[in-house]
Protein chains: 2
Amino acid sequence: MSHTIGTPANSNIPQWVYQFGGGSADGSAVDRDLLGGKGANLAEMASIGLPVPPGFTISTEVCSAFYKNEKTLPSGLQEQTEIALKRVGEIVGSQYGNKEKPLLVSVRSGARVSMPGMMDTVLNIGLNDETVEGLALWSGDRRFAYDSYRRFIQMYASVVLEVDHDYFEDILEDYKNLNGFQRDTELSAEDWADIIEQFKACVVEHHGEPFPVDVYEQLWGAIKAVFLSWQSRRADTYRMLHDISHEWGTAVNVQAMVFGNMGDSSATGVAFTRNPATGENELYGEFLVNAQGEDVVAGIRTPQPLTEAARDKSDDDSPSLEKVMPEAFAEFVAITDRLEKHYRDCQDIEFTIQDGKLWMLQTRSGKRTTGAAVKMAVDMANEGLISKEEAILRIDPRALDQLLHPTLDDSVERKVLTKGLPASPGAAAGIIVFDADEAEKQAGLGKDVLLVRIETSPEDIHGMHAATGILTARGGMTSHAAVVARGMGRPCVSGAGALKIDIKQRQMRIGAVTLSEGDLLTIDGSSGEVLMGEHPMRQAELTGDFGALMSWADSIRRMKVRANAETARETEQALKFGAEGIGLCRTEHMFFETSRIMAMREMILARDEAGRRVALEKLLPMQRSDFSELFSLMGDLPVTIRLLDPPLHEFLPHEQADIDVLSEHLGIEAADIKARVDELKEFNPMLGHRGCRLAISYPEITEMQARAIFEAALDRSSGEETVHPEIMIPLIATSNEFDRLKLVIDKTAEKVFEERGARVDYDVGTMIELPRAALMAGEIAKTAEFFSFGTNDLTQTTFGLSRDDANSILNEYTASGILEVDPFISLDQSGVGMLVDMAVDAGRLTRENMKMGICGEHGGDPASIEFFEKAQLDYISCSPFRVPVARLAAAQARIRANEAAPS
Amino acid sequence: MSHTIGTPANSNIPQWVYQFGGGSADGSAVDRDLLGGKGANLAEMASIGLPVPPGFTISTEVCSAFYKNEKTLPSGLQEQTEIALKRVGEIVGSQYGNKEKPLLVSVRSGARVSMPGMMDTVLNIGLNDETVEGLALWSGDRRFAYDSYRRFIQMYASVVLEVDHDYFEDILEDYKNLNGFQRDTELSAEDWADIIEQFKACVVEHHGEPFPVDVYEQLWGAIKAVFLSWQSRRADTYRMLHDISHEWGTAVNVQAMVFGNMGDSSATGVAFTRNPATGENELYGEFLVNAQGEDVVAGIRTPQPLTEAARDKSDDDSPSLEKVMPEAFAEFVAITDRLEKHYRDCQDIEFTIQDGKLWMLQTRSGKRTTGAAVKMAVDMANEGLISKEEAILRIDPRALDQLLHPTLDDSVERKVLTKGLPASPGAAAGIIVFDADEAEKQAGLGKDVLLVRIETSPEDIHGMHAATGILTARGGMTSHAAVVARGMGRPCVSGAGALKIDIKQRQMRIGAVTLSEGDLLTIDGSSGEVLMGEHPMRQAELTGDFGALMSWADSIRRMKVRANAETARETEQALKFGAEGIGLCRTEHMFFETSRIMAMREMILARDEAGRRVALEKLLPMQRSDFSELFSLMGDLPVTIRLLDPPLHEFLPHEQADIDVLSEHLGIEAADIKARVDELKEFNPMLGHRGCRLAISYPEITEMQARAIFEAALDRSSGEETVHPEIMIPLIATSNEFDRLKLVIDKTAEKVFEERGARVDYDVGTMIELPRAALMAGEIAKTAEFFSFGTNDLTQTTFGLSRDDANSILNEYTASGILEVDPFISLDQSGVGMLVDMAVDAGRLTRENMKMGICGEHGGDPASIEFFEKAQLDYISCSPFRVPVARLAAAQARIRANEAAPS
């Protein structure tokens with residue numbers, strides 16, 4: 001770190017102040033401890049030569065000295081600050097306190113980590129009755145100058161002088177009422193000047209002293225206020241709760257104000273270094289001449305495109321920055337290139353041009369659609385900017401859902417009503433709703449919902465989440481609706497100006513067409529089109545960049561990815577999404593079809609084993625053909641078949657009408673059926689007669705299922721190509737249960753093999769889904785040939801919380817912070833995870849290299865997948881639509897595990 | 001070991017044969033490996049000078065040599081055997097194969113452990129057409145001699161020659177039919193001689209060779225058959241299943257036959273060295289002159305008392321052994337004394353007097369009633385025969401129940417119907433049933449059942465277990481009914497000869513009184529009386545020998561014993577039984593009283609917190625007074641109070657009539673109540689909204705309960721004597737839940753202490769009753785001040801099996817051997833126990849010396865208590881009636897742990 005100011009080499013006074021801007025900086029991103037997070041970031045930007053509004057950081061050591069020294073500032077600080085301030089003035093060509101061209105500054109706190117309870121920001125410091133005139137003159141906008149001044153007084157008084165904010169709001173309200181103004185924009189410079197006088201009086205009344213007119217008194221007041229706020233009660237509490245040391249202290253950042261609204265040579269804008277919607281490598285953004293930053297994102301004025309290329313594309317007739325300010329534009333383009341290379345990622349940039357001079361206000365990683373994220377990651381890896389591993393780590397697997405969204409079927413003519421901005425890609429159709437609550441309600445009823453709003457705000461988030469798509473009448477590509485929708489992976493069309501919404505009538509109008517809440521509508525977030533009714537959809541293709549990324553992921557991950565599937569449709573879907581096997585075929589799902597449920601019920605209602613066998617004989621060919629189809633689709637990929645699991649009453653009718661139908665069909669008295677239904681009722685069916693317990697009571701069911709599996713496997717085997725089925729016994733708590741059922745399966749196998757004169761290899765394994773099975777895994781592994789963790793049930797019993805009853809409890813628990821996440825969504829790594837780890841270790845101690853996987857819902861959850869990688873499972877199995885998510889997450893988990901491993 | 005026969009010191013031939021009898025033996029009890037279990041025991045008896053029928057053991061090494069040497073017997077064996085046999089003859093005064101006074105022998109197998117599938121016994125070896133005449137002459141009973149001969153042929157042919165047993169039965173049946181005999185006893189010596197000829201022909205036909213007449217051929221055939229049976233398929237399987245080495249081999253025991261039915265100078269009997277019903281130190285037993293062993297226990301002839309003292313006591317007019325055979329009696333008494341001293345326990349002895357000479361056939365530890373066991377143990381410790389620790393270990397804690405049985409209330413006149421033998425003490429009343437199945441059925445319906453049988457057999461065991469008492473018409477004090485009932489701790493009156501049972505009519509008659517199945521009856525197993533109807537009962541006193549034993553146990557055990565109790569009655573009972581605290585006060589039990597349930601329901605039905613608080617205000621004084629009473633009864637003993645645990649719907653009415661009453665009482669629409677009842681319904685209430693989850697949702701309930709506890713504690717504290725309540729939070733799965741509720745309790749405490757201006761110390765701890773709590777115990781122990789293991793719930797969730805639904809499953813599992821014991825009765829030490837161990841270790845790692853106990857049903861189960869001792873719990877808590885059981889079991893566990901500890 002260079003020592004450039006205020007500390008002559010032979011002085012005893014330490015360096016308190018670190019300058020940035022003007023093409024250099026005293027610090028950099030690594031100096032977080034000394035400069036705080038914000039100070040380090042500003043130094044970083046300045047040090048790579050960005051035209052950051054200049055300023056300086058008063059280090060955290062000053063804060064420590066301040067508290068050590070009975071809340072007085074250390075000697076030398078004043079001198080160093082004044083030197084730094086002077087240099088800031090030199091860089092921007094103005095001077096602090098100067099009446100003609102006053103330098104205004106902001107003061108912000110900046111601890112190592114951001115912390116609620118600390119003073120945040122005071123803007124426009126340096127304004128008083130004299131300098132405000134200078135600002136008016138310099139900016140050429142008297143109203144702007146006086147508005148800035150009154151804002152400064154209000155902000156400074158409340159934050160630094162601790163005068164209640166409401167007093168000022170009351171004065172302003174009264175003034176407007178008295179003069180018949182509705183909105184702030186109606187007030188003139190003179191009105192603001194009148195109000196400023198009242199504000200000053202208010203400060204005297206409540207603070208006891210007049211508002212400081214001395215600009216240095218203003219500055220030091222703000223700096224001290226930051227240091228004092230370090231020990232505010234709220235900050236103290238926050239540190240305590242988050243284990244942050246009280247010793248760290250905060251830094252203070254003083255930075256020159258720049259203004260994009262100083263006439264037509266000023267402007268302000270936002271930009272992405274690549275297109276955040278598509279990922280194309282093109283500069284992308286918007287700006288407004290003579291405007292403040294808020295104006296661009298607020299959606300009040302429609303912003304102009306940055307580049308000519310973008311202007312051509314969009315049929316926009318407003319001039320581009322490239323055209324309007326070619327020099328600033330050229331500098332800006334060069335900077336964006338440097339920024340992306342420096343940060344090695346697409347940047348979201350805020351900039352201001354003040355009087356022709358470009359200032360970079362902020363740069364950060366740019367939010368993007370998942371499609372864009374994939375394209376960017378693949379492009380950057382191909383460009384050599386990042387490695388393939390980094391490319392993989394760049395994509396949030398949970399967001400892949402978005403890419404698996406359908407698109408509009410182009411073979412059908414589009415009935416386009418209007419066109420807005422293509423704010424978030426993918427097509428969506430649903431019934432129109434006009435507010436977030438209704439969206440949530442209708443979605444809760446299982447309906448696809450399109451949320452239609454004039455514009456969205458943070459209050460709409462839950463409705464956006466519930467909706468399949470979002471349509472707004474106002475707002476650009478970086479409006480709230482657009483940004484949030486992309487983040488959530490919801491298709492969105494924003495700024496569809498032709499759209500008129502009558503919220504009271506619950507209607508919308510586009511030209512001559514009037515639609516009511518509940519009517520069907522379709523949007524295409526990739527084209528911006530809004531279409532009449534429900535347009536047919538096409539499923540996503542998994543090729544191109546997506547395919548490239550997935551193939552990189554496949555080459556890196558260690559764990560296999562299987563799918564939970566029973567039907568041909570699911571199996572085909574799973575294969576299309578890259579499943580490498582079936583990890584869970586739930587045989588009971590095969591019994592619910594109308595044609596089969598009768599035979600199933602006949603079996604359950606049979607009075608004895610003989611009666612059950614008669615019914616099982618009817619089920620056998622159905623099961624065999626199911627398995628035959630499955631084996632045929634899966635070829636030589638592994639298929640794990642779980643034996644009958646749910647309690648029998650799930651198969652019986654409970655309504656009298658259904659019981660009567662069954663009674664007629666089977667020739668059994670309805671009363672007898674009712675009696676059997678009642679007999680099978682359990683207090684806690686989740687902890688009742690199900691899983692292997694059924695098979696122990698009725699081994700003939702297991703015999704039938706095993707026979708169906710072996711016969712199908714033999715049917716589908718020929719020559720060298722043999723099917724190798726994996727048979728899985730559910731709900732094992734003791735090795736004795738397993739051994740007994742394995743014997744039934746083995747005996748059935750021998751019988752079938754003898755009958756057919758042919759054999760297949762097969763494995764018999766078990767679900768580990770009860771705490772006891774996990775605890776006794778070493779014993780169970782003596783005979784079990786594989787484990788598959790059933791983390792749904794394992795979570796239920798480990799927590800003693802049934803999924804059917806847990807909803808309101810878990811909502812309360814996650815809302816109040818008792819649980820960080822719903823353990824049914826993301827694996828409870830400390831509790832349930834401990835059982836998984838124990839079972840893996842014990843199982844493999846007994847049976848080296850034992851095959852182990854997981855087939856609970858957690859198989860599709862990235863955080864859980866990372867855990868399973870660490871736990872050394874061989875595969876994860878999830879629903880077909882989650883297979884790509886799991887493939888990517890497994891690769892990421894592998895990369896992180898490799899990084900964490902001692903080299 | 002001395003080498004007395006067959007092995008000259010300079011011979012190379014090893015000692016194959018080990019002699020016993022005649023006052024000495026080559027081996028002793030420690031030579032199990034060499035002599036097998038039976039051989040070692042015989043050697044032990046002989047070596048301490050008992051007149052055991054002499055014999056010898058062919059060692060297990062011969063078996064090994066036999067198999068090593070292609071199934072031929074090793075050289076030297078024949079010589080050693082013949083020498084041994086000769087000596088046996090000398091001792092008994094007869095000679096093997098001698099025609100006048102033939103020595104007969106038995107041959108038995110004897111492995112280290114007894115093993116099914118091996119040849120058991122062949123009796124009367126040495127009989128042929130010549131020696132049978134000698135036996136007839138010598139015994140003076142020709143019929144006996146020929147009956148013995150035909151039995152020998154039948155047994156030898158089927159066991160050694162492998163001729164099917166049924167052939168002989170058929171011959172016998174045909175003979176009886178042909179000659180018009182009904183029973184075997186009608187056959188004369190000549191009939192048996194005829195049959196013997198047919199038997200011999202049968203052997204020729206099916207074995208291919210004649211039955212061996214050479215007595216040595218008979219002997220070697222039997223010996224070889226034993227060795228060959230070592231590798232029978234059944235024995236092989238048994239060894240495989242029980243991890244018994246095939247190398248061990250079996251020994252063969254050859255022993256002289258003795259006969260108690262050789263006329264009036266012969267007798268046979270059984271004896272206990274102390275009274276097995278009362279424990280009195282008096283010789284106790286029965287004998288029959290000129291009889292075989294089976295005759296005494298079969299209950300066909302009524303046996304005579306051994307001693308004059310016993311004869312006087314029992315008003316028996318049959319002469320005693322003391323009178324009839326004074327010399328043999330004197331010798332017998334001296335031997336029983338020596339036996340008890342040698343084995344340091346009461347012995348159950350079988351003896352035979354053959355022609356005036358006493359032979360000891362068997363001695364083993366005598367079964368006894370629990371009362372007798374306690375008296376014997378305490379007496380023996382006081383006599384210095386055993387230590388106090390041994391005395392404690394002698395008592396099966398599960399049997400203590402028997403002592404806690406009520407006795408008949410003597411203030412009420414006894415309506416005695418008849419008197420039988422006082423076979424097993426304690427009084428019992430119940431409805432009459434006439435067979436075991438009915439007993440089980442009625443008991444299953446919750447009824448107290450008296451099983452009334454002519455005599456019992458092993459097929460009746462399940463009915464005896466289900467019955468509260470047993471009454472038989474036939475059989476003595478050592479009959480099946482008497483022995484089994486004492487073992488089970490069931491009161492029993494046996495041999496009530498006046499009792500006539502008509503099983504077909506399901507009626508019994510005693511004199512003029514006829515009773516039907518289902519009528520009430522009372523028995524007094526201590527007096528032998530049978531009483532009309534249901535006689536009032538008196539509770540047991542816990543003083544005398546029982547008190548002494550318990551005080552020894554208390555001085556030895558480490559774990560404290562507490563009781564699970566809420567009411568004053570239970571608490572008083574617990575204190576009487578020696579409870580040292582309350583380990584579980586279930587506060588919800590206090591809400592079910594009629595006067596309280598309304599306020600409870602009002603709270604549940606309240607629409608908001610304010611409404612709940614109104615109802616809780618009503619409950620507060622009730623809870624406070626409950627706790628006040630509890631603290632007052634318990635003095636300075638610890639009291640652990642568990643906060644509300646069950647799901648709320650358990651408090652609501654479910655029948656329409658009850659709902660209507662509640663509706664009227666609370667002024668709430670019945671439909672609204674019904675709706676709330678439905679709303680609170682859960683699919684799996686065991687895994688639902690209960691335990692701490694209720695308290696998280698409704699902290700005001702916890703506030704009320706905590707307030708009631710603290711106010712009561714302050715009310716009951718004065719000066720130095722302060723109550724120190726332990727407050728326990730149920731169903732914790734995460735430390736966050738615990739922390740949140742501890743905060744509520746701590747805040748309430750501070751509020752109450754401030755209001756009262758006084759404080760008490762208190763602890764806040766948690767149940768460990770979910771697998772996750774056990775897994776996260778280290779974390780939870782950071783704030784929890786004690787743990788109490790709720791092993792009922794922990795078993796449910798670890799097994800994924802709800803107690804409400806598990807009955808038929810567990811019956812099936814224990815019957816078929818999938819589970820050894822019902823894990824709700826005796827702790828599953830490997831699975832659930834692993835969680836307990838983990839939680840204890842992790843908890844104490846966080847909080848050294850953390851107080852830990854257990855309050856599930858397992859707290860009263862001795863096997864579980866032994867586990868809890870090993871797990872280093874501080875206390876066990878069980879139902880009041882199990883407290884003495886727990887005290888004793890805890891002492892035993894401690895003694896065993898000390899023995900196991902490395903010294």
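Chain letters run A, B, ... following the sequence lines, proteins first, then strands; residues in each count from 1. The figures that follow rest on heavy atoms only: side chains count, while hydrogens, waters and symmetry mates do not.
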* **Atom group of B:Ile818 that falls short of 4.5 Å from chain A, counting heavy atoms** => both
* Asked: Where on B:Ser697 is there a heavy atom nearer than 4.5 Å to chain A: the side chain, the backbone, both, or neither?
  -> both
* Is the backbone N or O of B:Ile729 less than 3.5 Å from a side-chain atom of B:Thr766, with the two atoms forming a donor-acceptor pair by type? -> yes
* Under a 4.5 Å heavy-atom cutoff, which of A:Ile696, A:Leu801, A:Asp828 has the most pairs with chain B? -> A:Leu801
* Measure A:Arg740 against the heavy atoms of chain B and call it side chain, backbone, both or neither at under 4.5 Å. => side chain
* Structure fact -> Looking only at A:Met776, A:Met838, A:Glu812, most heavy-atom pairs under 4.5 Å shared with chain B are made by A:Glu812
* Asked: Does the distance from a Lys or Arg side-chain N to an Asp or Glu carboxylate O, for B:Glu703 and B:Lys747, drop under 4.0 Å?
  -> no
* For B:Met686, is it the side chain, the backbone, both, or neither that has a heavy atom closer than 4.5 Å to a heavy atom of chain A? -> both
* Structure fact -> Scored by heavy-atom pairs under 4.5 Å with chain A, the best of B:Glu769, B:Lys681, B:Glu737 is B:Glu737
* To do: Considering only NZ, NE, NH1 and NH2 on the basic side and carboxylate oxygens on the acidic side, decide whether B:Asp678 and B:Lys674 come within less than 4.0 Å.
  => yes
* Who among B:Ala774, B:Ala733, B:Ser802, B:Ala773 has the most heavy-atom pairs with chain A under 4.5 Å? -> B:Ser802
* Structure fact -> Whatever's closer than 4.5 Å to a heavy atom in chain A on B:Ser808 counts as neither
* Residues B:His858 and B:Ser826: side-chain donor-acceptor under 3.5 angstrom -> no
* The single option from A:Arg690, A:Arg803, A:Arg642 passing salt bridge (Lys or Arg N to Asp or Glu O under 4.0 Å) against A:Asp793 -> A:Arg690
* Side chain, backbone, both or neither of B:Ser830 within contact of chain A (heavy atoms, under 4.5 Å) -> both
* Asked: Distance only, no hydrogens: is a donor on one side chain within 3.5 Å (strictly under) of an acceptor on the other, for B:Glu609 and B:Tyr698?
  -> no
* Answer yes or no: is there a donor N or O on one side and an acceptor on the other, between the side chain of A:Arg239 and the main chain of A:Arg234, under 3.5 Å? => no
* Asked: Top residue by heavy-atom pair count (under 4.5 Å) with chain A, among B:Thr734, B:Ile809, B:Asp739, B:Leu819?
  -> B:Ile809
* pair A:Val832-A:Pro823: side-chain heavy atoms closer than 4.5 Å -> no
* Asked: Among B:Ala806, B:Ser735, B:Gly688, B:Ser816, who wins on heavy-atom pairs under 4.5 Å with chain A?
  -> B:Ser816
* **Side chains of A:Glu857 and A:Thr791, donor plus acceptor under 3.5 Å** => no
* Part of A:Glu682 within contact of chain B (heavy atom distance under 4.5 Å) -> both
